[in-house]
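What you see is a predicted model, and the numbers here were worked out from it, not measured in a lab. Lettering follows sequence order; numbering is per chain, from 1. All values below were derived from every heavy atom in this structure, side-chain atoms included, with hydrogens, water molecules and symmetry-related copies excluded.
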Amino acid sequence: MIDPVEFSIMVVGCFLSMCMFSTLYGKSSPLYALAEESYIGFATGLTIVMNLMYIYNTGVVGIQGGDWILIFGFILGIATLLRINPKYSYLSRLPIAITLGAQLGLSLRTQIYTGFIDQIKASIIPLFEGSAKTLIYNWTTFICVIFMLSFFLYTIEIKGPIKLSAKIGEYLMYASFGAIFAQTFMGRLGLFVGSIQNFTVPPWKKPILIACMAIVLVALIALDKLNLLEKLTPEE
Amino acid sequence: MKSRELSLIAMFLSFLVVFVPYFIDVPALDTFSTKLITITAITVSFTLLLAIHSQFKRGFDFVRRKPRGWIFKVYMMITIVLMLLFALGGLETGSYHWAMYAIITPLSSVNYGILAFYLASTCARAFKARNTKSILLILTGFIMLLYQAPFTGAFFDLGPIGIYLANTFGLAAGRMFLISVTVGAMVFGIRILLGQEPGVLGIRSEE
Amino acid sequence: MSLLKSFNSYDSRIVYLLLFLIVTIPLLSPMGLPISVSPSTVTYYDVIDALGPDDLVLVVLDTEFSGYMEIQSGIIASMRVMVERDAKMCVAVSHPEATGIPELVFAAIRETVEEHGYTYGEDYVILGYVFPNEAAVASAAQDWQGVIHKDFYGQSTEGTFLDQIHDWSDWTLISDYTTGIQSGSLINHFGLRGTPMIVNCIGVMISTQMPYLSTGIYQALLQSMRGGAELEYLTGHPGPGMTAMDAFTLGHYMLIVLIIIGNIGYFGTKENSRRNVE
Amino acid sequence: MSALFEIPGVIEGRALGLLLVVAIFVIVYYYLKSGKIPYVRRVAGLDAIEEAVGRSAEMGKPVMSTIGIDGFNYWTLSALTILEHVSRDCVKKGVRILVPTGGGDSSYIVRPVAEEIVKDAYTIEGNPEDYRPEDLPFLSGQQYAYTGGVVGILQRAKPGACIMVGGHHSEAMNIAETAVLVGAITITSGTYVSNVAVLACASDYILIGEESPAAGAYLSKDPAQRASIRCQDIYKGISIALIIVGTVVLTLGSDFFIQLLSS
């Protein structure tokens, strides 16, 4: 026996998903708008709920536990919200300044390692030691990094050896773009496969999937033939 | 004038409080720094509540103007309120649970899954051997696609070359972007700290 | 020649429809095409296989729900291994949508959980949305007890194994499942200080995450849905990943065919138009 | 790896990081205060942009120019400078310019600046009365609502060129594909590597990574933007030098530079 709640979750989810796929028809449609507004509305609601929970669990519970200094988080947070009112928006500047300063501190103190020093360290690799495979890997990486970086120098005249180096860098970059394109496609395909798989396991869902696909497709073509697609779609 | 300088000083001080104890061992400052980071986390969570304001402002604007399809915006605003009401009934069961799994989860995945279609049509249109750059692009793309299909491995082993492409060309491009973007972001951060980007603080440049 | 011309340019909606069918049909009736296992998956498996009852793992679901659909096989398979090894597991979330994921994962591995007597509070804790921004990650890394007080269900975390956690150094492993939301912050505030990290990322993020693997911050990187399927194969528990691999393979082959057709069309019509000019 | 040197009082292994951050501070400060305007070369993408606007003028079609969905960051700043250039070029050539904004929670802070830029372009290069506020729609703070809006505008207005710069994320692919399908010359820029790779395939011309801030700096009279590009080049130069010298020295058998970088 199928649980009625689960059944309704499947039917609504599958129908709205197919509505969202209708954007691939190439014309704006009320079906897509329905799915889009549903997602925006419920997801915004969820974001608010989860943020309030975080504020409660970290802030309120922390203060109750004697960590009174966290009350500044609330004062600054509420002051930040004042930016929506032009009359009081100046009150939001101080909290924005304080949080921005802290965030910059957090990123500057670590990025210099993760994004710069460590990357240089990892690029310093032996070019004449190790197996043939290691050597091929090391040489390729070394050449790619050097030439690609030289493509990204902008405050010097590009001529002579730097011009050649930048040109090689650009070609190497296109070679890597092919590989990265394939990886990106793998990811997006995985998302698509996953989202359809959601509607095929367990097997009782399969007929519903096929029915939803058919209904949305027929509705889309019918609306198009009746010239109603544009008329029923909301303006931006 | 005063307000701007005050903001800049506050920003620089909070920067130092977070930045310095990471490098120099001052236990008292370290404790304060940790608290400031937690306060920042709470404050930043508040700013996300601005989302509700911007959605409702836009929604009401639509209702006032009543353009074609304004009823969709009314529906959207109702769903926000519904989700908030659902949450009051508990997060594990009931209507909140239903909205999570019937609406948010499937639509979130379809939203990004659609990109696979755009990538496929791009591939069909653009992967043509027009010049040296596109030949390089097709060559590596073609090999990677073949390698990534798990079934290919059952016939012939493209593993070595697929892994080679990902771990050399792919890695180098990733690393080059990382270095370049890191330095860019750091310089921009310093510009903010030096008061060169007042727009970021919500201050207009004429002030 | 009109066939060649149509190979060179056609309505992209044909591509959309083809891709839709090619993915949906094998999911409706699976064929069970064989797969192979890549070395990166073996490395990843070795790391989680080495876990034991004394180890504390921070599992971070660092993804929107969409990302979960892609890497669910990796999440389920690795959390199953962690349960089998009796490692202590703390599940944290960095996107509101991901708060719905733990329920699905624990439903999928319910039998293993029951078999091993893996109990809530004693062996695992679900924290919910505790990493909304970089500052939150940083404060959890520096002062865990000062920030984490309650779990997702509103119960106090006092008395659980989380009492042993004070800062970044108390974790044995951080297992990040990411679309890139807070992976950078986790690296900055945990990985960089020396907490061992492994990652399972969506395909789009592989090239962005790779540099951190090469610098040693990540011990292993599991790639996209394919890596998850391979992990399922290694652990001997077929799941969503392996059943999706038919569709995955065919989707890739479709693109290869499109590239070939497109180039035949391009060169065919190019020759043709050149001849016309002459 | 053991450290090569230490600074008294500084936590072990963190001396070099501190030195490099302080140094970059000093360099940025120097360039900002000295009033020197460093040379920045013209990137090829700018010719592509001008050509695209020119072709749109010939065909009598509008131009769409976007500035990304982020708040103020350095991608957005360069996008605004490029927008200034594009909008003036458009007004001069009598081309209608469409600038959709929005897409992120902080994008609404950027919007008034974009508005100001387009309005100024009409005042300086043409007739201020020709400025049409409805050509700069704010398409919500939600990423995919914005995307749907931009795609809709592309389908209806069928612009001759689509110039997409600034901080765009996964939505860039939808916009670029649609722009190509409606026959627009598509010029894009990407901010992270997988996005750049797919956009390089999808669009007619791409500003790869830092090319767009460099283009912005080239066009800008603002010394701060040029100085940043200069500072970035100095650090990129340092990294190239360290990698080459470090590799050579390592090959000769000394791990001096690895120790230095671990300090």
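When atom types are taken as modelled, the side chain of B:Arg68 and the backbone of A:Thr233 share a donor-acceptor pair closer than 3.5 angstrom.
For the pair B:Ile39 and A:Ile98, the minimum side-chain heavy-atom distance is 4.5 Å or more. With a 4.5 Å cut-off on side-chain heavy atoms, A:Phe152 and B:Ile179 do not count as touching. In this structure, the side chains of B:Met144 and A:Met186 stay at 4.5 Å or more apart for every pair of heavy atoms. Side-chain contact between B:Met186 and A:Leu108: present, with at least one pair of heavy atoms (C-beta onward) separated by less than 4.5 Å.
Most heavy-atom pairs under 4.5 Å with chain B: of the set A:Leu232, A:Ile180, A:Leu189, A:Leu81, this distinction falls to A:Leu81. Across A:Ala102, A:Gly169, A:Pro95, A:Ala33, the residue that shares the most heavy-atom pairs under 4.5 angstrom with chain B is A:Ala102. Residue with the most contacts toward chain B among A:Ser176, A:Gly190, A:Gly194: A:Ser176 (heavy-atom pairs, distance under 4.5 Å). In terms of heavy-atom pairs under 4.5 Å with chain B, the best-connected choice from A:Ala43, A:Gly41, A:Ser17, A:Gly45 is A:Gly41. Per-residue counts of heavy-atom pairs under 4.5 Å with chain B were compared for A:Leu70, A:Ile55, A:Thr80; the largest is that of A:Ile55.
For the side chain to side chain contact (heavy atoms under 4.5 Å, CB included) with B:Leu84, the lone residue among A:Thr44, A:Val49, A:Leu52 that qualifies is A:Val49.
Among pairs with a residue in residues 168-181 of chain B, those fulfilling side chain to side chain donor-acceptor pair (under 3.5 Å) read A:Gln119-B:Arg175, A:Ser123-B:Arg175, B:Arg175-C:Ser214, B:Ser180-D:Glu210, at least two apart in sequence or across chains.
Ring pair A:Phe181/B:Phe127 is tilted by interplanar angle, where 30° to 60° counts as tilted. Using cut-offs of 30° and 60° on the angle between ring planes, the pair B:Tyr164 and A:Tyr137 is perpendicular.
Crowding of B:Phe46 atom CZ: a count of heavy atoms from other residues, nucleotides or ligands under 6.0 Å exceeding 12. The 12-atom threshold is exceeded at NZ of B:Lys66, counting heavy atoms of other residues, nucleotides or ligands nearer than 6.0 Å. Applying the 6.0 Å contact sphere to CZ of A:Phe15 captures no more than 12 heavy atoms from other residues, nucleotides or ligands.
Side-chain contact check for A:Tyr174 and B:Thr140: no donor-acceptor pair (N or O, by modelled atom type) lies under 3.5 Å.
Here the straight-line distance linking atom CD1 of A:Ile40 with atom CG of B:Leu107 works out to 10.5 Å at 0.5 Å rounding.
When heavy atoms are compared at a cutoff of 4.5 Å, B:Leu145 approaches chain A by way of both its backbone and its side chain.
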